[in-house]
Student: 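Okay, here's the structure, questions in a sec.
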Amino acid sequence: MHPLAVDALETHEAHQNALHNQGSDECDKLHEECGVFAIYGYPEASNLAYLGLYALQHRGQESAGIASSDGRKIHSFRRMGHVAEIFTPDVLNELPGALAIGHTRYSTAGDTSIRNAQPLSVACSKGQVAVAHNGNLTNAIELRRDLEEDGSIFQSTSDTEVILHLVARSRERTLAGALRDALLQIEGAFSLVFLAQDRIIVARDPHGFRPLAMGELQVVDGTVATVFASETCAFDLIGATYIGDVGAGEMVIVGPEGVTRERYTPPESPAQCAFEHVYFSRPDSIVFGKPVAQTRELMGRLVAREHPIEADVVVPVPDSGVIAALGYSAESGIPYRQGLIRNHYVGRTFIEPSQAIRDFGVKLKLNPVRHLLEGKRVILVDDSVVRGTTSRKIVRMVRSAGAREVHLRISCPPTISPCYYGVDTPSERELIAAQRSIEEIREFVEADTLGYLSLESLHQALNDHDRRFCYSCYTGKYPTLVQIDEIVLAKTGCC
Ligand code: AMP
């Protein structure tokens with residue numbers, strides 16, 4: 001069947017969102033950091049999807065959406081903004097049924113179009129289908145070009161829509177068959193949750209780049225609901241039990257007949273994202289079967305062993321550096337102090353002083369505790385340096401609060417290459433570690449000393465003896481072919 005009516009189910013919400021839809025299309029990027037959630041077999045499933053997304057809010061703050069099914073019809077609501085603001089009781093009442101999927105999407109400047117918010121819904125010959133995606137397809141440009149040449153009309157710039165077009169055009173008669181067909185054509189990183197009228201289908205790419213956890217939840221009538229989420233912190237909030245991960249190259253179908261697990265393709269070389277453990281996931285989650293808090297503390301301990309220094313206090317950059325700083329402090333015996341306080345209620349601000357205040361942006365978010373820092377030799381711990389500009393502002397802030405010395409410790413190796421698998425890293429040109437030596441970075445961020453975790457120690461922290469993780473942002477070696485516009489980067493060997 002030809003072209004999709006991608007927004008056919010969403011006229012109401014499109015109208016509701018008209019005012020918010022002021023993003024610049026030219027700036028839309030394909031890189032997306034996201035959180036996904038799905039639930040089958042729970043009355044008022046959308047309420048639980050809401051709670052699941054609430055727990056996954058850190059994975060994306062630009063937009064959120066839920067699609068539910070009452071067994072006959074798919075209902076969907078997507079909006080720009082945060083989960084708690086979007087899903088009022090009235091909105092959730094309009095999302096009935098025992099099946100639901102949800103999505104939170106990351107925000108970057110200029111990338112604020114409601115058309116890219118998910119779940120995306122479609123009506124096609126396989127019925128109504130909604131999809132939510134975490135990851136980034138590496139052959140989306142090529143697939144999209146082929147589909148457009150063949151007459152497909154796209155409604156968004158998101159690579160996720162490619163999947164829906166492939167599903168709609170598949171000659172397979174069942175939805176599961178069409179999904180299998182589509183999944184075999186897409187490449188890159190994808191943890192996908194699909195909603196049909198009477199079932200949930202989820203799938204993970206054959207490398208397993210992005211996480212997708214599976215859980216169970218007791219229902220009062222004695223039945224068991226099945227849940228899926230990017231991170232297990234979503235299960236904790238709704239009282240679900242984590243039972244394991246959807247495997248790489250696996251598809252799980254949950255319908256009236258029960259749960260069916262199948263390999264739609266053989267798994268390829270494993271490439272679980274190391275950055276999920278370094279920064280992206282919440283420390284209270286189990287990701288790829290490993291507690292994030294444990295790996296992050298070990299990263300801190302190992303960077304302390306690799307880069308010891310005499311100092312008075314260990315201070316984290318909150319929140320991303322907290323657990324690693326605890327590890328650094330425990331390993332070094334130097335006391336941990338919360339010398340920077342984060343304002344957790346920062347959203348966007350439209351008011352800026354007309355007279356430029358130095359480092360205003362970072363001051364909105366962080367404030368130093370002068371009496372903990374004054375006259376002290378400070379070890380400042382953060383998870384990563386990307387462009388270096390934030391790190392420099394924070395080092396300056398700590399120094400201006402009276403610190404005598406500032407020693408920056410980073411709990412991962414230098415980020416030298418962009419991610420093509422769903423983490424929003426800037427181009428190589430903007431990555432400070434791709435352009436400068438460690439000594440030059442130290443000078444740039446104005447720290448007295450600078451120490452990064454080595455790649456070997458990161459392997460150790462992740463207990464990755466058999467190389468199940470992707471380290472491409474630290475090595476520049478990508479486990480798949482990567483296509484950027486017309487350029488195809490050769491697969492550069494296992495990362
Ligand atoms: P900068 O070096 O100035 O680009 O910023 C480094 C800060 O950004 C660190 O505090 C990191 O915790 C944070 N950070 C690193 N990667 C990301 C990412 N993909 N998305 C959002 N923040 C990030």
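Nothing here was measured: the structure is a model prediction, and the numbers come from that model. Start at 1 and go down the list; that is how both ligands and their atoms are numbered.
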Student: Could you work out, for atom 23 (C) of ligand 1, the closest of Tyr279, Phe444, Phe280 by heavy-atom distance?
Tutor: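 Comparing heavy atoms across Tyr279, Phe444, Phe280, the nearest one to atom 23 (C) of ligand 1 lies in Tyr279.
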
Student: Would Arg144 pass as a cation-pi partner of Phe154, given that its NZ or CZ must be under 6.0 Å from the six-membered ring centre and within 45 degrees of the axis?
Tutor: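 Relative to the ring axis of Phe154, which defines the angle, Arg144 lies inside both limits.
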
Student: Will you find, in the side chains of Asp464 and Tyr471, an N or O donor that is under 3.5 Å from an N or O acceptor?
Tutor: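 Looking only at side-chain atoms, Tyr471 and Asp464 do form a donor-acceptor pair, the distance falling under 3.5 Å.
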
Student: Counting non-hydrogen protein atoms only, what is the nearest one to atom 16 (N) of ligand 1? Give residue, atom name and distance.
Tutor: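 Checked against all protein heavy atoms, atom 16 (N) of ligand 1 sits closest to Phe275 CZ, 3.3 Å.
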
Student: Less than 4.0 angstrom from a charged side-chain N to a carboxylate O is my criterion; do Arg145 and Glu142 meet it?
Tutor: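 Salt bridge between Arg145 and Glu142, a charged N being under 4.0 Å from a carboxylate O: no.
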
Student: Taking the side chain as everything from C-beta on, heavy atoms only, tell me whether Phe194 gets closer than 4.5 Å to Val131.
Tutor: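 Sidechains of Val131 and Phe194: in contact.
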
Student: Please confirm whether Val386 comes within less than 3.5 Å of ligand 1 when only nitrogen or oxygen atoms on both sides are compared.
Tutor: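 The answer is yes, given that Val386 and ligand 1 share an N or O pair closer than 3.5 Å.
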
Student: Provide the number and element of each atom of ligand 1 under 4.0 Å from a heavy atom of Thr389.
Tutor: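 Answer, ordered by atom number: 3 (O).
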
Student: Is Thr425 close enough to touch ligand 1? Criterion: a residue heavy atom under 4.0 Å from a ligand atom.
Tutor: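 Under 4.0 Å: no for Thr425.
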
Student: For Ser391, take its heavy atoms, then give the atoms of ligand 1 lying under 4.0 Å from any of them.
Tutor: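 Once the distances to Ser391 are compared, the set is 2 (O), 3 (O).
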
Student: Are any of the N/O atoms on Val385, whether in the backbone or the side chain, positioned under 3.5 angstrom from an N/O atom of ligand 1?
Tutor: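 No, there is no polar N/O contact under 3.5 Å.
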
Student: Of all the non-hydrogen atoms in the protein, which one sits nearest to atom 20 (N) of ligand 1, and at what distance?
Tutor: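 Going atom by atom, the protein heavy atom closest to atom 20 (N) of ligand 1 ends up being Tyr106 OH, 3.5 Å.
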
Student: With heavy atoms of Asp424 as the reference, note each atom of ligand 1 found under 4.0 Å away.
Tutor: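 Result: 19 (N).
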
Student: Please tell me if the side chains of Ile410 and Leu450 come closer than 4.5 Å, counting only heavy atoms from C-beta onward.
Tutor: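 Ile410 reaches Leu450 side chain to side chain.
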
Student: Flag the pair Gln118 / Ser158 as yes when at least one side-chain heavy-atom distance between them is below 4.5 Å, and no otherwise.
Tutor: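 Gln118 vs Ser158: side chains touch.
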
Student: Tell me, which protein residue and heavy-atom name are nearest atom 10 (O) of ligand 1, and how many Å apart are they?
Tutor: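 Answer for atom 10 (O) of ligand 1: Asp382 OD2, 2.5 Å.
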
Student: What part of Ile432, side chain, backbone, both or neither, has a heavy atom within less than 4.0 angstrom of ligand 1?
Tutor: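 Contact part for Ile432 vs ligand 1: neither.
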
Student: Do Asp319 and Arg282 sit within salt-bridge range, that is, some charged N less than 4.0 Å from a carboxylate O?
Tutor: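 Result for this pair is no, no salt bridge flagged.
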
Student: Determine whether more than 12 heavy atoms belonging to other residues, nucleotides or ligands lie under 6.0 Å from atom CD of Glu439.
Tutor: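 Atom CD in Glu439 is crowded, with more than 12 foreign heavy atoms closer than 6.0 Å.
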
Student: For atom 5 (O) of ligand 1, grab the closest protein heavy atom and report residue, atom and distance to one decimal in Å.
Tutor: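 Here the closest protein heavy atom is Thr390 OG1, 3.3 Å.
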
Student: Before accepting this row, confirm whether a basic side-chain N of the pair Glu250/Arg204 lies closer than 4.0 Å to the acidic partner's carboxylate O.
Tutor: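 Here Glu250 does not pair with Arg204 in a salt bridge, since their nearest N and O are not under 4.0 Å apart.
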
Student: Testing Arg59, Arg296, Lys290 one by one against Glu276 for a salt bridge (charged side-chain N to carboxylate O under 4.0 Å, His left out), which residue passes?
Tutor: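 Of all the options given, the one that passes is Arg59.
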
Student: For ligand 1, note which part of Asp383 has a heavy atom under 4.0 Å away: side chain, backbone, both or neither.
Tutor: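 Answer for Asp383: side chain.
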
Student: Identify the protein heavy atom lying closest to atom 4 (O) of ligand 1, giving its residue, its atom name and the separation to 0.1 Å.
Tutor: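 Among all protein heavy atoms, the one nearest atom 4 (O) of ligand 1 is Arg387 N, 2.7 Å.
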
Student: Just to check, does Glu33 reach to within less than 4.0 Å of ligand 1 when the distance is taken from its heavy atoms?
Tutor: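 Under 4.0 Å: yes for Glu33.
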
Student: For atom 6 (C) of ligand 1, which of Ser384, Pro426, Gly388, Cys419 has the closest heavy atom?
Tutor: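 Of the listed residues, Ser384 has the closest heavy atom.
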
Student: Classify the ring geometry between Tyr50 and Phe87 as parallel (under 30°), tilted (30 to 60°) or perpendicular (over 60°).
Tutor: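 Correct class here is perpendicular.
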
Student: Show the atoms of ligand 1 that are less than 4.0 angstrom away from any heavy atom in Val423.
Tutor: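 The list of qualifying atoms is 19 (N).
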
